[in-house]
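One structure is given below, encoded as structure tokens.
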Amino acid sequence: MLQDSFATRLVAWQKQHGRHDLPWQVSDPYRVWLSEIMLQQTQVTAVLEYYARFLLRFPDVASLAAASVDEVLALWSGLGYYSRARNLHKAAVMVVDEFGGHFPVQREALQRLPGVGRSTAAAIASFAFAQRETILDGNVKRVLTRCFGIAGFPGEKAVEKQLWALAEALLPADSSQMTAYTQGLMDLGATVCGRKPACTVCPMVDGCVAARQGRTHELPTPRPKKAVPTRHTVMLLAQHGDRIWLERRPPSGIWGGLLSLPEFADSMALEAWFARQGSGDVLPSWPELEHVFTHYRLIITPVPARLDTLAATGVQESAGQWIPLQQALEAGLPAPVKRLLQRLLA
DNA sequence: AATACGGGGAG
DNA sequence: CTCCCAGTATT
């Protein structure tokens, strides 16, 4: 595959066959940035609703910077990878305070914003500012490893380095084509060069190593399999009137910064904690709830309880709060916790 | 170089 | 069920 031919073909293909109706296909760097953050390890269909709702509440970087991180997390609830939301807010404040409300144009400067790595910075720089910078996301890795026959798991350092160099070398000479080119990389990977590649309609097929050698199914080299451990936790659904007891999770770690139910290693620890909060009854446990993460499997035992009278001391010292159930459902909550609270309504 | 970090869509 | 998604930050 000739290097100049790649960009030329891709741009032509994108203009005729690529996607043109995605809501973030605009030149406003704020909207591009927001979409890129939401789309990190997250599929387009999952992002669409969140993106629309988010823009309605925060139409520009100034409104986002002026908001509380809690409100940002609430709008992010269910999307996952919550450090993205915390970094998003932090970055908005940076743009307002350090750049006068304007996003920097250079990829390297964009990359200093929290949550913006090289690929995201390149996406913003190319889409919003027509900079000659290459992205390297899952789509591009799929296209390049197949097109150029590059074996080895792309998460591996050496392979990744090779892919960045190749992606840079393939950039079109004319920066005015960067929007169509970058979009073309994503569109080709998303609509043609996917799990089951549609090589017959691919603009690169005659130069594609994987297509020629019948190796599209084995490229890119899949991630090495690893056994995922199982962890257990007991979650307390403590109700007091129409309120539920929730605690703020630490900023780092799983579900960082979100409100969540208090957790215990076992039911004995739960009973002991509950007894200190006042008088009431611990009810029979609900059926276990399984929640699967990328790196482990969590088995949740939900334990409902009713607190009739609060103890004079004890409650205040902890990091939690009694929140009306309806209001709690609007806060930033982990997906399984939200499910449990919804179940409490019925 | 490895690991942590969510949730869901697609086959 | 398995794989992996418009990746980044931390260790």
Side-chain angles (χ1 to χ4, degrees), chain A residues 18-19 22-25 31-51 73 76-88 90-91 110-127 134-143 152-161 163-164 167 182-191 193-197 217-218 220-229 231 249-258 260 290-298 332-339:
Chain A
R19 297 175 290 187
L22 294 169
W24 42 81
Q25 290 181 304
R31 294 184 180 224
V32 173
W33 165 66
L34 175 63
S35 73
E36 291 303 328
I37 302 298
M38 284 189 167
L39 287 159
Q40 286 170 3
Q41 296 292 287
T42 310
Q43 295 182 347
V44 167
T45 53
V47 166
L48 285 169
E49 282 186 25
Y50 282 87
Y51 182 77
L73 280 171
W76 206 271
S77 176
L79 201 53
Y81 284 146
Y82 297 97
S83 65
R84 290 186 296 175
R86 303 175 62 81
N87 283 332
L88 191 80
K90 201 181 300 178
L110 286 163
Q111 217 170 326
R112 294 194 201 107
L113 297 172
V116 178
R118 177 165 178 187
S119 190
T120 298
I124 301 168
S126 63
F127 281 137
T134 187
I135 59 167
L136 185 61
D137 61 14
N139 290 309
V140 185
K141 287 173 181 172
R142 211 159 41 245
V143 170
F153 173 53
E156 219 170 297
K157 189 72 178 178
V159 178
E160 171 140 32
K161 187 178 174 184
L163 288 172
W164 273 115
T182 304
Q183 191 64 51
L185 282 177
M186 294 170 167
D187 291 352
L188 191 64
T191 67
C193 198
R195 294 291 291 177
K196 213 187 97 187
H217 64 288
E218 60 183 65
T221 304
R223 167 188 301 278
K225 295 191 224 305
K226 238 176 299 184
V228 292
R231 301 181 191 176
R249 297 186 61 87
S252 64
I254 196 80
W255 300 326
L258 274 63
S260 189
E290 181 182 87
H291 192 70
V292 181
F293 296 97
T294 307
H295 47 304
Y296 64 93
R297 196 163 71 97
L298 185 64
L333 299 171
V337 171
K338 182 170 273 189
R339 271 196 285 277

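Please read all numbers here as calculations on a predicted model, not as lab measurements. First the proteins, then the strands, lettered A, B, ... as listed; each starts at 1.
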Across the strands shown, which category fits [X] at heavy-atom distances under 4.0 angstrom: base, sugar-phosphate, nothing?
X	answer
Arg142(A)	sugar-phosphate
Lys226(A)	sugar-phosphate
Val140(A)	nothing
Lys225(A)	sugar-phosphate
Gly253(A)	sugar-phosphate
Pro336(A)	sugar-phosphate
Ala46(A)	nothing
Ile135(A)	nothing

Between dA6(C) and dA4(B), how many Å separate the two P atoms, rounded to a whole number?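 Between the two P atoms, the distance is 24 Å.
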Can you tell me, in whole Å, how much space there is between the P of dT11(C) and that of dG6(B)?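 My reading of the P atoms in dT11(C) and dG6(B) gives 15 Å.
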Glu290(A) CD to dG7(B) C1', straight-line distance once rounded to whole Å: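 Computing the Glu290(A):CD to dG7(B):C1' distance gives 14 Å.
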Nearest-Å distance for atom pair CG/C1', residues Leu298(A) and dA4(B):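 Nearest whole value for this atom pair: 15 Å.
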With sequence neighbours excluded, tell me which residues meet side chain to side chain contact (heavy atoms under 4.5 Å, CB included) with Gln41(A).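 With sequence neighbours excluded, Gln41(A) shows a side chain to side chain contact (heavy atoms under 4.5 Å, CB included) to Tyr81(A), given in chain and number order.
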So with a 6.0 Å cut-off around CZ of Arg19(A), is the heavy-atom count from everything else above 12?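 Enclosed.
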Does atom CD of Glu218(A) have more than 12 heavy-atom neighbours, drawn from other residues, nucleotides or ligands, at distances under 6.0 Å?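 Check passes, neighbour count above 12.
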Any N/O donor-acceptor pair, Thr42(A) side-chain to dG6(B) base, under 3.5 Å: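 When only heavy-atom distances are counted, Thr42(A) does reach the base of dG6(B) through a donor-acceptor pair under 3.5 Å.
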Whether the side chain of Thr294(A) and the base of dG6(B) hold a donor-acceptor pair under 3.5 Å is what I'd like checked.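 By the distance-only test, yes, there is a pair.
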Reading DNA chain C from 5' to 3', where do the contacts with chain A start and stop? Cut-off is 4.0 Å to heavy atoms.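 Counting from the 5' end, contacts occupy dC3(C) to dA9(C).
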Nearest-nucleotide pick for Thr45(A), side chain only, options being dC5(B), dT3(B), dG9(B):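 The closest nucleotide is dG9(B).
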Shortest non-hydrogen contact between Glu160(A) and Pro154(A), atoms and distance: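 Scanning both residues, the minimum pair turns out to be CB-O, 3.5 Å.
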